[in-house]
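Numbering of ligands and ligand atoms starts at 1, following listing order.
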Amino acid sequence: MTKSVVKLNDVSYFYDGTPALQHVSIDIRQGDFVAIVGENGSGKSTLIRTILGLLNPQQGSVELFGKPISQFKDKSRISYVSQKAASFNSGFPVTVEEVVAMGRYGRLGLFKRLKIEDQAAIQNALETVNMWQFRHRKIGELSGGQQQRVFIARAMVNQPDLLILDEPTVGVDQKHLQDFYEVLHMLREHTTCTFVLVTHDLNVVTDLVTKVVHLDHGKLACNCGLREYSELGELASSIKPYPVKVLIHEGTR
Ligand SMILES: Nc1ncnc2c1ncn2[C@@H]1O[C@H](COP(=O)(O)OP(=O)(O)OP(=O)(O)O)[C@@H](O)[C@H]1O
């Protein structure tokens with residue numbers, strides 16, 4: 001049995017007394033690729049913020065890597081890419097390489113010089129997302145999809161065990177969407193990371209997803225494998241604004 005990475009036990013979260021998560025129990029295990037889906041306002045971001053320890057649920061408990069979240073200190077094992085990452089304008093005076101270097105600062109202390117191993121980690125992360133050749137370009141001069149690749153590289157530069165992506169393709173045009181998901185495929189191939197992805201584009205990642213967590217008004221409507229999920233026809237097609245026809249690819253795990 002693989003190790004537990006994230007465990008929520010009967011978690012409820014309330015904003016000013018209004019429930020956003022209700023009795024949610026999930027167990028994400030090492031190597032999983034979990035898609036979190038649900039309509040707008042169903043509690044996806046609240047769930048992510050709870051996993052990241054940014055929200056403290058009023059009910060239930062959260063464990064990370066087998067420890068109660070209050071005792072979990074090794075933050076570098078978890079990386080997060082938010083939906084607002086790709087929002088730099090062209091004047092922003094920071095290069096691609098510097099953006100990824102920022103991912104090392106937590107480990108380095110802000111003004112320490114990069115050592116050879118830091119430079120190697122930055123190169124490796126940028127090569128993994130096929131952006132090494134853009135390292136000297138200003139981040140704001142890149143397309144939304146390219147910027148997101150750089151943010152993925154920044155998230156991966158410390159080789160985390162858990163990568164959380166909150167709707168990373170918001171603002172990425174259709175043309176670059178497939179391109180972006182190819183990066184996820186590459187990461188899946190070249191790392192042992194566990195992935196949690198909030199998405200409305202389940203179709204594009206069906207060959208990666210091992211588990212679907214579907215939230216409905218803060219409640220767990222489904223926590224199951226993709227095949228089982230695809231059989232819940234009405235539930236699977238109720239995702240808005242992009243109705244999903246779940247396709248099972250050859251080789252789905
Ligand atoms: N800071 C807040 N204060 C009060 N209510 C909030 C707050 N953040 C979220 N909510 C409410 O909690 C519920 C769940 O919101 P959440 O952002 O988790 O949903 P979501 O599924 O991520 O939505 P979306 O797909 O639109 O991003 C919604 O009803 C939302 O209005």
Side-chain angles (χ1 to χ4, degrees), residues 5-28 32-64 69 78-87 144-145 147-148 151-152 155 162-174 176-177 180-181 184 194-206 208-224 226 229-230 232 234-246:
V5 174
V6 177
K7 196 164 185 200
L8 269 65
N9 306 301
D10 196 25
V11 163
S12 296
Y13 188 85
F14 303 83
Y15 292 103
D16 300 324
T18 305
L21 291 178
Q22 299 186 64
H23 303 291
V24 173
S25 295
I26 52 175
D27 188 6
I28 297 171
D32 268 341
F33 192 113
V34 180
I36 299 183
V37 298
E39 292 192 22
N40 292 123
S42 58
K44 302 181 297 296
S45 295
T46 304
L47 177 63
I48 295 300
R49 292 203 288 264
T50 303
I51 294 172
L52 289 168
L54 300 173
L55 298 176
N56 197 6
Q58 292 88 345
Q59 188 187 313
S61 62
V62 180
E63 289 170 37
L64 297 175
I69 194 165
I78 301 177
S79 263
Y80 170 65
V81 177
S82 78
Q83 55 184 258
K84 296 195 185 72
S87 59
Q147 288 188 15
Q148 272 301 45
F151 287 106
I152 299 270
L162 171 64
L163 178 63
I164 298 177
L165 304 127
D166 189 357
E167 295 198 65
T169 51
V170 168
V172 174
D173 60 44
Q174 202 62 33
H176 291 103
L177 201 59
F180 174 79
Y181 281 113
L184 291 186
T194 301
F195 294 81
V196 173
L197 171 72
V198 176
T199 183
H200 287 285
D201 305 310
L202 196 50
N203 262 327
V204 201
V205 283
T206 47
L208 290 172
V209 168
T210 58
K211 216 179 256 177
V212 181
V213 167
H214 185 132
L215 289 171
D216 182 12
H217 295 91
K219 292 184 183 153
L220 208 50
C222 173
N223 174 21
C224 61
L226 188 65
Y229 184 69
S230 70
L232 303 171
E234 208 175 303
L235 187 60
S237 64
S238 70
I239 301 164
K240 290 169 187 164
Y242 309 108
V244 167
K245 183 174 165 240
V246 177

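- The protein atom (non-hydrogen) at minimum distance from atom 26 (O) of ligand 1 is N40 ND2, 3.0 Å.
- Between L215 and V24 there is a side-chain heavy-atom pair separated by less than 4.5 Å.
- For atom 19 (O) of ligand 1, the nearest non-hydrogen atom of the protein is G43 N, 3.2 Å.
- Of the protein's non-hydrogen atoms, K44 NZ, 2.8 Å is the one closest to atom 21 (O) of ligand 1.
- Between atom CD1 of residue I36 and atom NE2 of residue H200 there is a gap of 12.0 Å, rounded to the nearest 0.5 Å.
- Remark: ligand 1 and G41 share an N or O pair separated by less than 3.5 Å (distance only, no angle test).
- For G38, the closest heavy-atom approach to ligand 1 does not fall below 4.0 Å.
- Within ligand 1, the atoms closer than 4.0 Å to a non-hydrogen atom of R49 are 8 (N), numbered from 1 in the order shown.
- The CG atom of L21 lies 11.0 Å from the NE2 atom of H23; values are rounded to the nearest 0.5 Å.
- Nearest protein heavy-atom neighbour of atom 27 (O) of ligand 1: E167 OE2, 3.9 Å.
- Here the straight-line distance linking atom OG of S12 with atom NZ of K219 works out to 10.0 Å at 0.5 Å rounding.
- If you run side-chain contact (heavy atoms from CB on, under 4.5 Å) between L64 and each of V6, V5, L52, I28, only V6 comes through.
- Side-chain contact check for L8 versus S25: every heavy-atom pair is 4.5 Å or farther apart.
- In this structure, a donor-acceptor pair under 3.5 Å is present between the side chains of D32 and T210.
- Here the CZ-OG1 distance, from F33 to T194, works out to 11.0 Å after rounding to the nearest 0.5 Å.
- Closer than 4.0 Å to atom 31 (O) of ligand 1 lies none of the heavy atoms of the protein.
- Y229 and H214 have tilted rings, their planes meeting at an angle from 30° to 60° on a 0 to 90° scale.
- Per-residue contacts place S45 under 4.0 angstrom from the following atoms of ligand 1 (heavy atoms of the residue considered): 17 (O), 18 (O), 20 (P), 22 (O).
- Within the 4.0 Å heavy-atom criterion, neither part of H217 lies near ligand 1.
- Distance from atom 3 (N) of ligand 1 to its nearest protein heavy atom, with residue and atom name: Y15 CD2, 3.5 Å.
- Counting only heavy atoms of the protein, atom 16 (P) of ligand 1 lies nearest to T46 OG1, 3.7 Å.
- Distances below 4.0 Å separate heavy atoms of E39 from the following atoms of ligand 1: 21 (O).
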